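Working notes, structure below.
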Amino acid sequence: MKRIFTILMAVLVASTVTIYDAEAQSLLFGRDSVRASKHPRSPFRINRIDRGIDTNAFAYKGEWICGVSASYGTLSTDDSDIALVIENLELGGSIVTVKPYFGYFYRNNLAIGARFGYTHMRGHFDNANINLGNFINGIEFSTEGIALGYLSNAYSFAIFHRAYVPLDKRGRFGVFGELELEGSYGRSKFSFMYNNEWNNSISDTYKVRFNFNPGIAAYIFPNVCATVSFGLGGLQYNHIKQFDADMNPTGGTRNFSKLRFRLNIAEINIGVTVHLWSKKNEQKLRLQHE
């Protein structure tokens, strides 16, 4: 599976670079020169390998799209081997993300758009009996009377640019590369109980991210497309400010940035895209008349 994913990403990156290479040539030398570069006698000839990627179209210029993507994940002690060491552990959590979006194809296979997002996270940790007798003799303790809780809600807005690469002549299947600039705001609540007394801490988080999100797409109906996208990370800046339970500033702030590219399981989104006023049917009719 890892090898297939690596090959898919390599094809996607190479295809995306080819599309943007054609765009750069048209801006620097003009569209006439790009067309003339294919003619062997043209004085504006540019030596470039034509891979024929933009010969077929997954979506046509002038199409509008709207859709939604979502992800859901849970965590419990049943999913980990740690339960063999820790007895009576009550640990769990969940994360839900919903992202509606819309976009416009300004050229064949190239679209720009905007996306809204909502993310809800919840987690808890209750008492546990830890016995390390199998590893270190004589070490055993309990966390009875201690509990942790976490609750977070975040809202985001993003603009994106997406480039599709068809995998078949009919344009039914394809891969895409997406560049996304996202800003988000979230509020999280961390609760800690000791000796039956709860203490709460609240944090406001502001994020600005520049992400790369590749994916695959397939038409399940003439105007309806199913997508799966993978968040591979990018550049991120965070600003965090802390408050007490009464929303009084505690003076605790944190600013940090990071650049990281890796597959994030929480960023695997399954979505459905509807192509409004599809140009595919118009193109088929035009070709039939010709």
Side-chain angles (χ1 to χ4, degrees), residues 8-9 12-13 15-17 19-20 23 58-59 61-73 94-122 152-165 174-188 203-218 224-241 254-276:
L8 177 62
M9 291 301 100
L12 175 61
V13 171
S15 303
T16 305
V17 169
I19 292 175
Y20 286 112
E23 283 292 302
F58 188 85
K61 177 181 178 181
E63 286 187 11
W64 284 88
I65 57 172
C66 66
V68 61
S69 61
S71 64
Y72 174 75
S94 63
I95 177 172
V96 180
T97 301
V98 179
K99 295 181 178 181
Y101 58 89
F102 65 92
Y104 174 76
F105 283 86
Y106 66 94
R107 287 195 63 189
N108 290 356
N109 301 329
L110 299 179
I112 56 174
R115 177 184 293 115
F116 303 91
Y118 169 72
T119 301
H120 174 79
M121 297 179 61
R122 180 186 296 271
S152 174
N153 293 283
Y155 306 88
S156 64
F157 174 77
I159 56 176
F160 64 86
H161 183 276
R162 181 178 291 186
Y164 286 89
V165 179
V175 294
F176 62 84
E178 180 183 279
L179 298 177
E180 176 189 52
L181 179 61
E182 179 187 57
S184 65
Y185 162 77
R187 172 164 292 181
S188 58
S203 299
D204 284 352
T205 303
Y206 302 86
K207 296 181 181 181
V208 178
R209 302 195 303 175
F210 185 72
N211 302 322
F212 176 59
N213 306 317
I216 57 178
V224 180
C225 183
T227 62
V228 180
S229 61
F230 309 90
L232 295 186
L235 179 63
Q236 177 176 322
Y237 171 78
N238 290 15
H239 172 74
I240 303 174
K241 189 174 183 179
R254 184 186 179 195
N255 299 290
F256 70 93
S257 59
K258 60 182 179 180
L259 177 63
R260 178 181 298 175
F261 288 95
R262 69 177 184 182
L263 179 62
N264 187 352
I265 298 179
E267 293 290 338
I268 299 178
N269 294 280
I270 300 175
V272 175
T273 303
V274 179
H275 290 247
L276 306 176

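The figures here come from the full heavy-atom set of this structure, side chains too, leaving out hydrogens, waters and symmetry mates. Just so it is clear, the structure is predicted and the values come from calculations on it, not from any experiment.
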Which atom names give the shortest non-hydrogen contact between [X] and [Y], and what distance separates them?
{"X": "Lys99", "Y": "Gly117", "value": "CG-CA, 3.9 Å"}
{"X": "Cys225", "Y": "His275", "value": "CB-NE2, 4.1 Å"}
{"X": "Tyr106", "Y": "Ala111", "value": "CE2-N, 4.1 Å"}
{"X": "Leu276", "Y": "Cys66", "value": "CD1-SG, 4.2 Å"}
{"X": "Leu179", "Y": "Phe212", "value": "CD2-CD1, 3.8 Å"}
{"X": "Val272", "Y": "Val224", "value": "CG1-CG1, 3.6 Å"}

Can you tell me how far apart [atom1] ([X]) and [atom2] ([Y]) are? Round to the nearest 0.5 Å.
{"X": "Leu181", "Y": "Phe160", "atom1": "CG", "atom2": "CZ", "value": "12.5 Å"}
{"X": "Asn255", "Y": "Lys241", "atom1": "CG", "atom2": "NZ", "value": "11.0 Å"}
{"X": "Ile240", "Y": "Thr205", "atom1": "CD1", "atom2": "OG1", "value": "4.5 Å"}
{"X": "Arg209", "Y": "Ser184", "atom1": "CZ", "atom2": "OG", "value": "6.5 Å"}
{"X": "His161", "Y": "Ile112", "atom1": "NE2", "atom2": "CD1", "value": "7.0 Å"}
{"X": "Thr273", "Y": "Phe176", "atom1": "OG1", "atom2": "CZ", "value": "7.5 Å"}

Evaluate the side-chain proximity of [Y] to [X]: yes if any heavy-atom separation is below 4.5 Å, no if none is.
{"X": "Val228", "Y": "Asn269", "result": "no"}
{"X": "Ser69", "Y": "Thr227", "result": "no"}
{"X": "Ser156", "Y": "Thr119", "result": "no"}
{"X": "Ser71", "Y": "Ile268", "result": "no"}

- prompt: Are Asn108 and Tyr164 linked by a side-chain donor-acceptor pair shorter than 3.5 Å?
  reply: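 No, because no side-chain N or O of Asn108 sits under 3.5 Å from a partner of the opposite role on Tyr164.
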
message: Which residues pass the side-chain hydrogen bond (donor to acceptor under 3.5 Å, both in side chains) test with Asn211, not counting sequence neighbours?
response: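 For Asn211, the residues satisfying side-chain hydrogen bond (donor to acceptor under 3.5 Å, both in side chains) (neighbours in sequence not counted) are Glu180.
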
message: Run the side-chain hydrogen bond (donor to acceptor under 3.5 Å, both in side chains) test against Asn238 and tell me which residues pass, sequence neighbours left out.
response: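 For Asn238, the residues satisfying side-chain hydrogen bond (donor to acceptor under 3.5 Å, both in side chains) (neighbours in sequence not counted) are Gln236.
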
- request: Please identify each residue that fulfils ring-ring contact (aromatic ring centres under 6.0 Å, His included) with Phe116, with sequence neighbours left out.
  value: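 Counting only residues at least two positions away or on another chain, Phe116 forms a ring-ring contact (aromatic ring centres under 6.0 Å, His included) with Phe157.
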
